[in-house]
Amino acid sequence: MKILKFGGTSVGSAERMQALVKLVVNNQSKLVVLSAMSGTTNILVEISEALYERDAAKANGIIDELQEKYKKEISKLYQSEEYLNKADDLITNHFNYLRSFTLDMFTSNEEKAVLAQGELLSTALFHFYLSESNVKSVLLPALNFMRIDENEEPDLKYIETNLKAELEKHPKDILFITQGYICRNAFGEIDNLKRGGSDYTASIVGAALRAEEIQIWTDIDGMHNNDPRFVNKTHPINELSFDEAAELAYFGAKILHPTCILPAQKRNIPVRLKNTMEPEAEGTLIANLDTKVGIKAVAAKDGIIAINIKSDRMLLAHGFLRAVFEIFERYKTSIDMITTSEVAVSLTIDNSKYLKEIKKELEEIANVDIDENQTIICIVGNVPKNKSGFGFKVLEAFKDIPLRMVSYGGSPNNISVLINSQHKKEALMSLNKTLFNY
Ligand code: ASP
Ligand code: MG
């Protein structure tokens, strides 16, 4: 079985949904994972905000507007009276459900139920459309098998058992549809895998079923070597190893949810990124590959805070680093980059929630200096220990840009450079030239 995940733009309108049929209908068995129609989850967030503020009029206004939008799309999506009515009943139910929250207390549990409506709608509408087009498909409720544990990690055993049980109810069928993003938590309540989590769903169900392949369909042709918003010329990368892809996703390549690769990697299931607008394009294959030696891509992550910690005594005196790390651990703030010297350590975080508290505690043991508005430029590829020249090439690109930190050696897949965000575009352009000859 293959897993095919389609993002919000791929189901974002009646036309897009109609175009999907060609991609999902053939004689191979597959599980199709869908996001909400594009824009829907953002609007559901707005509705939740109004509900938290107890502003029923505002919430109802947004709900009405969104319902109108859905009405318009279904009038274009279906031909027959029968399916127009079915779809109209469906959206009426979901939107009335949303309206019901204006009457009561609104908590984060209710918010999660609100946020789940987007995927419930898109999958049901697509399922109806397939039926109207005489294509047999089975709609599998993700809330029956997707579950996270107390640590908000996917409960793979539970998912595997329950998803298989759902599939076994339909031994003759080959086309299954389910919701991305939504799940239940350890208490059985509706929850989700965080924004952009549909990719993660695809990877988790692919791992659970030991699928042949996981395909992530979006609106660009795979991962690119650089960020097209900042440089003129980029190219798609045909092959990446799991480790290379994980570095790229974490450090800013927006196409994939950062943790999404892990379940697939754990069970060695290839992940293919494909473009719905250009289905013939090769896209990017992410797998357990011995990829070519060399640098494949660069990505940038903004909103980084650099913290310099200078000790009064020698840095490597026993226990100093441990004391530093324990402070970050206590505030559940993870560290991205680290560099050290004999007397100081610099590290970066991307979460400023407890910055004040962290700073205060660090100041009890060291001098602390903080730089905000930093960007990590992450250079990804296969750069083995015994090969020379890559470090030079990377640093050459920064010859006119002040460097705040440089890190290499943690893995052969990444060289990270920290700069002030004001130099980001210049850095990406310069790397495009020195590394890729553009
Ligand atoms: N609909 C959710 C979101 O917009 C999940 C996803 O699209 O991956 O975040
Ligand atoms: Mg997405």
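Every number for a ligand or one of its atoms is a count from 1 in the order of the listing.
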- Message: Between Phe95 and Tyr70, is the ring centroid distance below 6.0 Å?
- Response: yes
- Task: Run the numbers for me: atoms of ligand 1, each under 4.0 Å from some heavy atom of Thr41, listed by number.
- Result: 1 (N), 2 (C), 3 (C), 4 (O)
- Are side-chain N/O atoms of Asn414 and Glu247 paired as donor and acceptor at under 3.5 Å? yes
- Take every heavy atom of Gly196, measure it against each atom of ligand 1, and state whether any distance is under 4.0 Å. yes
- Note on the structure: Atoms of ligand 1 under 4.0 Å from any heavy atom of Arg195, numbered from 1 in the order shown, are 3 (C), 4 (O), 9 (O)
- Query: Would you call Asp149-Lys157 a salt bridge at under 4.0 Å N-O?
  - Reply: no
- Per-atom filter on ligand 1: closer than 4.0 angstrom to a heavy atom of Glu119 are 1 (N), 2 (C), 5 (C)
- Message: Does the residue Lys194 have a heavy-atom contact with ligand 1, meaning some pair of atoms that are separated by less than 4.0 Å?
- Response: no
- Enclosure of Phe436 CZ (heavy-atom neighbours >12, cutoff 6.0 Å): yes
- Strictly under 6.0 Å, is that where the ring centroids of Tyr438 and His235 end up? yes
- Task: Please indicate whether any nitrogen or oxygen in Ser35 is less than 3.5 Å from any nitrogen or oxygen in ligand 1.
- Result: yes
- Message: Closer than 4.0 Å to some heavy atom of Ser198 - which atoms of ligand 1 meet that?
- Response: 5 (C), 6 (C), 7 (O), 8 (O)
- Task: Mind running side chain to side chain donor-acceptor pair (under 3.5 Å) on Asp336 and Tyr250 for me, showing each step along the way?
- Result: CA-CA 10 Å; Asp336 284 334; Tyr250 185 72; 2.7 Å; yes
- Message: Could you check whether any heavy atom of Gly197 sits closer than 4.0 Å to an atom of ligand 1, since that is the contact criterion I want to use?
- Response: yes
